[in-house]
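What follows is one structure encoded as structure tokens, with my remarks underneath.
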There are 2 protein chains.
Amino acid sequence: MIVFFDYAPAMKLIPSLRQLRYLIAVVDLRHFGQAAEACLVSQSTLSAAIQELEDLLGAKLLERTKRSVLPTPLGLEIAARARALIKGAEDIADIAAAAREPLSGPLRLGMIPTIGPFIVPRAMPELRKRFPKLKLFLREDQTARLLSQLENGEIDGALIALPYPIDGFDSATVARDRFSVVFPPNHRKAQAAGIRASELALEELLLLEDGHCLRDHALAACSLESARRNEGFKGTSLYTLVQMVANGLGVTLLPQIALDAGILRGLKLPVLTLEAETPYRDIGLVWRRGSGQARTLAAVAGAFKEIWPSAG
Amino acid sequence: MIVFFDYAPAMKLIPSLRQLRYLIAVVDLRHFGQAAEACLVSQSTLSAAIQELEDLLGAKLLERTKRSVLPTPLGLEIAARARALIKGAEDIADIAAAAREPLSGPLRLGMIPTIGPFIVPRAMPELRKRFPKLKLFLREDQTARLLSQLENGEIDGALIALPYPIDGFDSATVARDRFSVVFPPNHRKAQAAGIRASELALEELLLLEDGHCLRDHALAACSLESARRNEGFKGTSLYTLVQMVANGLGVTLLPQIALDAGILRGLKLPVLTLEAETPYRDIGLVWRRGSGQARTLAAVAGAFKEIWPSAG
DNA sequence: GAGCATAATCGAAAAAAACGATCATATAAA
DNA sequence: TTTATATGATCGTTTTTTTCGATTATGCTC
């Protein structure tokens, strides 16, 4: 019986994480000197390590042209895999740290702009209470960017609105966030008990600019096409959107979380729920599959779920 | 702007592949001395490395009880991730080797017993001609074991019958393999032009023993329940199955690939195709997702596809 | 051609890894 | 209980790997 797997290094010569780390730096920075600086080693050290790696693999990974250095296709491919490997090693360190002291250490959370400002003031104190040893770093960005930051290991988790294509990520649903319609003061529909989605098509519907998932979710919820909409007025945040409505420019859809946070405070704007359909988005916490922080994030998701206004 | 990712090792202390390799050995063998031997290092070296690792991670990975060593849950978890990491590093070496000289080097292929013996004699000469620099190592086993061997990196690819749950693997379909019914000589149905699956239920249907996917595929193809079958006669290979049919013990289903290979040579057994339904299995080549041999395997799959009897 | 920037090269120093021998301790055998 | 055995930790030394600083070679810019 042939045994294929062996613990001996002689079986298969594999590159070291050290060599791969240096390769990544050069591929990213396209410069040996700068890469060496970033790695906190001398240029000669890095140069030697890269050559070792090329010798070991028996292939050119970098094209040196005396004026600039360019990764070969193979070099790029290997650098990409190397990134995943190093992330895997970091994950090991993470889960060990988490096992040593659960729910502690730094946790870098991203949130989309239509959630963050409204949930943070309410949730942060409670999270601090529940996870006193956790050091929460928050960042606000749009879904697509947050996911790419997750992928790059720049953040550990992200609070986003679903549905959204999140293949390759793990997630936990936190809450369901329903949409309501906000009218200008004295709008002709303001006295109604509710409104139908089909009626909305006749209104001047104000939405966030492209890139905000709330825009797409709101349109989808009301079965409206983006192309049909008057594109003249787009808000850059829910706050500006509300101001536009208050000025009579049109109506808009707001998520419950924003209403709960008092976004309309001081304004006398009629709010109507949509009849029958009750459009909504789901709020979910997502993280990179295999992340060393998975356990912590699941706990945080659970906390969010309990803290969420609609759950309280 | 906070930069999270850094090339410096100081950012995040990560374990080395060397340390992880030693850990895997101890977790597998539950013995420092034997693990050291397997790793081709002294026991003291391995012992020190494991301690380094535990120090670095700040957690106990192994429970030493003076008489035996037992991995902690964390140790097991980390060993599992370490295995994936080392496989990733080997993949890097593989794709570099493949890039250096495409379609060369050793390739360890597994095949299920109801395919291997029939396609190998026909395909091997052709494969040798097309990929003269490839060193093909073949192994025969049942699907479940082949997949586990793929997962463990003991083989690079496997030729199996689909459908089969292959989540986490990549695959390429090679051919469609239809089933025919083989009767004993002088069977009452032998003169018919075809037979319906429903009629098969009345026959003494001989199948391979449990574990062979052909058994399940054949039953599924004819919409028969395994539980209903007379379990008195089970063959250990298609050859013994054919002998049983020849001896009048019942009928059986054979895949076209076996018929093409002349499994009935010398025997005068009537073969009928199934009417209307044309039951079949698909033959596919599968490999571990991210395997360094992916490109080579895709090429081999393509070759199989062209070589396959039904395609010729 | 002078000056600058870049990566390769070299010898020496520092750090990491490995070894063999020994020790401590728990279990098994006498 | 005493002795023998097995196992992993520890220690000092040797070997190997990694790193550094200085220098060199080469191509660009002025």
Side-chain angles (χ1 to χ4, degrees), chain A residues 6-11 13-57 59-72 75 79 82 86 89, chain B residues 7-11 13-72 75 79 82 86 89:
Chain A
D6 195 300
Y7 305 100
M11 247 314 74
L13 282 184
I14 62 177
S16 73
L17 291 183
R18 166 184 150 269
Q19 295 165 329
L20 295 176
R21 200 152 38 76
Y22 294 166
L23 175 68
I24 294 172
V26 177
V27 167
D28 282 358
L29 301 174
R30 317 248 150 147
H31 191 294
F32 275 67
Q34 291 171 30
E37 195 180 359
C39 293
L40 304 179
V41 296
S42 72
Q43 173 261 317
S44 63
T45 296
L46 183 131
S47 209
I50 295 283
Q51 284 195 324
E52 262 176 53
L53 184 60
E54 287 186 322
D55 284 355
L56 174 76
L57 298 179
K60 274 185 84 106
L61 305 177
L62 301 169
E63 206 65 57
R64 287 90 149 171
T65 55
K66 268 308 174 204
R67 199 70 198 156
S68 73
V69 56
L70 214 69
T72 64
I86 287 176
Chain B
Y7 306 98
M11 247 309 76
L13 282 183
I14 63 176
S16 73
L17 291 182
R18 166 184 150 269
Q19 295 166 330
L20 295 176
R21 201 153 35 77
Y22 294 167
L23 174 69
I24 294 172
V26 177
V27 166
D28 281 358
L29 301 173
R30 318 247 151 149
H31 192 294
F32 276 68
Q34 293 172 28
E37 195 180 359
C39 293
L40 304 180
V41 296
S42 73
Q43 174 260 317
S44 64
T45 295
L46 183 131
S47 209
I50 296 285
Q51 283 196 323
E52 263 177 50
L53 184 60
E54 287 187 322
D55 285 355
L56 174 75
L57 299 179
K60 273 186 85 104
L61 305 178
L62 300 169
E63 205 65 56
R64 287 91 147 169
T65 56
K66 268 308 171 199
R67 200 69 201 158
S68 73
V69 55
L70 213 72
T72 65
I86 288 176

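The chains referred to below are lettered A, B, ... by the order of the sequence lines, with proteins before strands, and numbering in each begins at 1. Just so you know, these numbers come straight off a predicted model, no measurement behind them.
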Side chain of [X] - closest among [options]:
| X | options | value |
| --- | --- | --- |
| A:Phe32 | C:dA7, D:dT19, C:dA18 | C:dA7 |
| B:Gln51 | C:dT6, D:dG21, D:dT10 | D:dT10 |
| A:Tyr22 | C:dA18, D:dA9, D:dT19 | D:dT19 |
| A:Ser47 | D:dG8, C:dG20, C:dA8 | C:dA8 |
| A:Ser44 | D:dC20, C:dC19, C:dA7 | D:dC20 |
| A:Arg18 | D:dT19, C:dT9, D:dC11 | D:dT19 |

Taking [atom1] from [X] and [atom2] from [N], how many angstroms apart are they, rounded to a whole number?
| X | N | atom1 | atom2 | answer |
| --- | --- | --- | --- | --- |
| A:Lys60 | C:dA8 | NZ | C1' | 12 Å |
| A:Leu46 | C:dA7 | CG | P | 10 Å |
| B:Gln19 | C:dA16 | CD | C1' | 11 Å |
| B:Leu56 | C:dA16 | CG | P | 12 Å |
| B:Leu17 | C:dA16 | CG | C1' | 16 Å |
| B:Leu20 | C:dA17 | CG | P | 12 Å |
| B:Leu62 | D:dG8 | CG | P | 10 Å |

Would you call A:Tyr22 and A:Leu53 a side-chain contact if the rule is heavy atoms closer than 4.5 Å? no

Taking 4.0 Å as the cut-off, does a side-chain nitrogen or oxygen of [X] come that near to OP1 or OP2 on [N]?
| X | N | value |
| --- | --- | --- |
| A:His31 | C:dA5 | no |
| B:Arg64 | D:dT7 | no |
| B:Thr45 | C:dC19 | yes |

Can you tell me if A:Glu37 has over 12 outside heavy atoms packed within less than 6.0 Å of its CD? no

Value rounded to 0.5 Å, distance of [atom1] in [X] from [atom2] in [Y]:
| X | Y | atom1 | atom2 | result |
| --- | --- | --- | --- | --- |
| A:Leu23 | A:Asp28 | CG | CG | 9.0 Å |
| B:Leu17 | A:Gln19 | CG | CD | 10.0 Å |
| A:Ile24 | A:Ile86 | CD1 | CD1 | 3.5 Å |

Polar pair under 3.5 Å, donor/acceptor by atom type, side chain B:Ser42, base C:dG20: no

What contact category does A:Glu52 fall into here, base, sugar-phosphate, or nothing, at under 4.0 angstrom with non-hydrogen atoms? sugar-phosphate

For B:Gln43, answer base if it contacts any base atom (sugar-phosphate contacts may also be present), sugar-phosphate if it contacts only those atoms, and nothing otherwise; contact means non-hydrogen atoms under 4.0 Å. base

I want to confirm an ordering. Mapping B:Ala48 and B:Gln34 to their closest nucleotides on DNA chain D, which one lands closer to the 5' end? B:Gln34

